[in-house]
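See below for the structure under consideration.
All values below were derived from every heavy atom in this structure, side-chain atoms included, with hydrogens, water molecules and symmetry-related copies excluded.
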Amino acid sequence: MAINTKLELRQTHNLVMTPQLQQAIKLLQLSNLELASFVEAELERNPLLERAESEETGASESPANGAKIEDQSESDSGSAEASSDAEGEGSERDFVDLEKPGSAGSDAMDAEPQDVFPEADSFSPGALKDSGWSTLGQGQRAEGDEGSNLEAYVAEERTLRDHLSDQLTLAFADPARRLIGHHLIDMTDEAGYLRGDLDALAELLGAPLELIEKVLCVMQGFEPCGVFARDLRECLTLQLKERDRCDPAMAALIENLNLLAAHDLVALKRAARVSDEDVCDMINEVKRLNPKPGLKYGSSPSQPIVPDVLVRALPDGSFHVELNSDTLPRVLVNQSYYATVSKSTTRKEDKSYLVDCLQTANWLVKSLDQRARTILKVAQEIVRQQDAFLTYGVRHLRPLNLKTVADAISMHESTVSRVTANKYMATNRGLFELKYFFTSSIAATADGDAHSSEAVRHRIREMIDAEPASDVLSDDKIVERLKGDGIDIARRTVAKYREALRIPSSVQRRRLKRIAPGASA
């Protein structure tokens with residue numbers, strides 16, 4: 001076979017992504033906090049960038065003014081013309097449509113806190129309530145500087161480590177025991193549990209294991225009660241001993257937390273050797289304990305969620321959608337400074353540096369504007385698709401996927417996915433992540449419209465919350481009721497949704513209702 005050498009010309013289409021375009025795509029999926037940090041870094045690095053001083057001017061030129069969703073096409077076309085003065089009409093299309101085709105459990109027996117204490121997550125500091133949302137944004141100040149409390153600015157929240165360290169100083173005078181105590185504090189997590197091996201600590205410090213255990217025994221008496229426990233059983237036992245309630249029956253109940261997690265009252269009563277009334281009282285007393293005592297102090301200040309999009313209902317029944325101006329960084333390119341410096345610059349390297357800074361600054365300003373307009377366009381379409389949810393509630397949440405929104409606004413699915421990542425929308429129904437509105441569909445029993453899986457979960461929870469103690473609903477009964485409402489759903493799907501909502505089975509719920517305070521015998 002002969003090998004020949006020849007030249008050929010081929011014409012191919014390739015999408016070449018410049019570093020600027022790659023960064024522009026990354027900007028889409030940044031949260032408002034990550035974007036603010038990125039812009040701050042660019043302001044420090046680039047001398048031609050400066051923060052916009054006039055908020056009135058920035059607000060008038062920003063897409064944050066919003067638009068009614070029924071006038072969406074007109075507002076989008078007008079804003080696109082306003083933004084094409086210096087950058088060209090094709091810049092937004094290249095950025096937004098870059099990726100378009102053709103254009104460039106079962107019942108758990110392990111005794112974990114969430115098993116025995118279903119509300120354990122509520123102990124987390126700064127937990128966000130579904131019904132509330134914060135509009136506190138960047139640049140907001142308290143009214144009246146004279147009335148400001150200086151202590152509010154300089155006071156620092158004391159952490160669990162600070163509390164334990166203060167008690168350690170008072171508990172031990174021996175430097176060796178204090179050293180062991182500091183290591184034990186370092187091994188304690190923010191919930192107050194001791195994570196680590198005492199044998200490894202003894203080998204590390206060259207100290208007898210008996211001495212470390214003695215120090216630990218003393219430190220387990222620190223406040224908050226229950227700290228330095230090695231598991232949930234020990235944590236609850238420490239709190240019961242503090243209340244002088246750790247009798248043999250209660251100790252037997254704590255040793256069988258797996259039965260409590262499974263709500264097996266018969267086995268618990270047999271293990272503790274008590275009556276029905278006593279076991280119910282003991283269970284209620286255990287549930288009043290704190291499974292995560294360390295969280296009451298917190299470890300770091302929680303960051304409130306600031307919505308990126310604001311939606312409010314209008315008197316005519318439509319919805320006004322706008323961007324939250326507090327989350328939009330406003331930067332300008334200092335052209336006069338560039339002109340002044342470039343005139344006095346003679347070195348080739350300095351001129352190249354200035355040109356690079358100017359190009360980077362122009363790109364950042366353009367990308368921020370395009371990012372804001374893209375988020376607004378996606379949010380307007382989501383509101384248009386889910387207007388029934390905003391008007392009537394979660395029962396009317398429609399099935400929605402990325403492709404539906406992408407096709408409606410002529411974008412690629414991956415672009416919509418990036419836009420909805422780490423973004424939040426404040427509505428009359430509460431604060432929601434944009435991804436919340438994208439749910440799978442469940443078929444209807446007749447020829448009706450499909451139902452959103454999130455709406456079905458909500459109906460299941462409503463049914464279970466309203467069930468009386470004398471008639472606890474099984475999964476089969478829930479299926480029958482849902483089919484009566486026109487929802488075609490399988491029993492295994494109901495069980496999967498119930499477990500995802502962390503709702504016990506009908507047998508477990510019946511046992512729980514029997515031991516609930518005020519329940520009839």
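Here the shortest heavy-atom pairing between Ala408 and Glu381 reads CB-OE2, 3.3 Å. When all heavy atoms are compared, the tightest approach of Pro307 to Asn324 is O-ND2, 2.9 Å. In terms of heavy-atom proximity, Val378 sits nearest to Val405 at CG1-CG1, 4.4 Å. Val479 and Ile489 get closest at one heavy-atom pair: CG1-O, 3.6 Å. Closest approach of Thr439 to Ser452, counting heavy atoms only: OG1-OG, 2.6 Å. The minimum heavy-atom distance linking Arg418 with Ile25 is given by the pair NE-CG2, 3.4 Å.
Looking at Arg395 and His458, their side chains come closer than 4.5 Å, going by heavy atoms from C-beta outward. By the 4.5 Å heavy-atom criterion applied to side chains, Asn428 and Arg312 are not counted as neighbours. Taking the side chain as every heavy atom from C-beta outward, Cys246 and Thr237 approach each other to under 4.5 Å. For the pair Leu397 and His451, the minimum side-chain heavy-atom distance is 4.5 Å or more. With contacts defined as side-chain heavy-atom distances shorter than 4.5 Å, the pair Leu232/Tyr193 qualifies. A heavy-atom distance below 4.5 Å is found between the side chains of Leu35 and Pro329. Residues Gln220 and Val227 fail the side-chain proximity criterion, which asks for heavy atoms closer than 4.5 Å. Using a 4.5 Å cut-off on side-chain heavy atoms (C-beta onward), Arg243 and Leu289 make contact.
The CD1 atom of Ile382 sits 7.0 Å away from the CG atom of Leu400 when rounded to the nearest 0.5 Å. In this structure, the separation between SG on Cys235 and CZ on Arg230 is 12.5 Å, given to the nearest 0.5 Å. Expressed to the nearest 0.5 Å, how far CD1 of Ile460 lies from CZ of Arg498 amounts to 9.0 Å. Remark: Phe438 CZ to Gln385 CD distance equals 9.0 Å, nearest 0.5 Å. Of the inter-residue distances, the one linking Asn422 atom CG with Glu34 atom CD reads 5.5 Å to the nearest 0.5 angstrom. Expressed to the nearest 0.5 Å, how far CG of Leu30 lies from NZ of Lys423 amounts to 7.0 Å.
For Asn32 (side chain) and Val306 (main-chain N/O), a donor-acceptor pair under 3.5 Å exists by modelled atom type.
Between Tyr436 and Phe389, the ring-plane angle classifies as tilted under the 30° and 60° cut-offs. Ring geometry, Phe222 versus Phe228: the interplanar angle exceeds 60°, so the pair is classed perpendicular (tilted spans 30 to 60°).
Crowding of Arg492 atom CZ: a count of heavy atoms from other residues, nucleotides or ligands under 6.0 Å not exceeding 12.
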Exercise. Under the side-chain contact (heavy atoms from CB on, under 4.5 Å) criterion, do Met411 and Lys377 qualify, and how do the steps go?
Worked result: CA-CA 10 Å; Met411 291 185 185; Lys377 181 180 288 188; 3.5 Å; yes
For this session: I would like to know whether Met425 and Val311 meet side-chain contact (heavy atoms from CB on, under 4.5 Å); could you show each step before the answer?
Result: CA-CA 7 Å; Met425 177 186 293; Val311 180; 3.7 Å; yes
For this session: Step by step, work out the side-chain hydrogen bond (donor to acceptor under 3.5 Å, both in side chains) result for Asp316 and Ser318.
Result: CA-CA 6 Å; Asp316 60 357; Ser318 60; 2.7 Å; yes
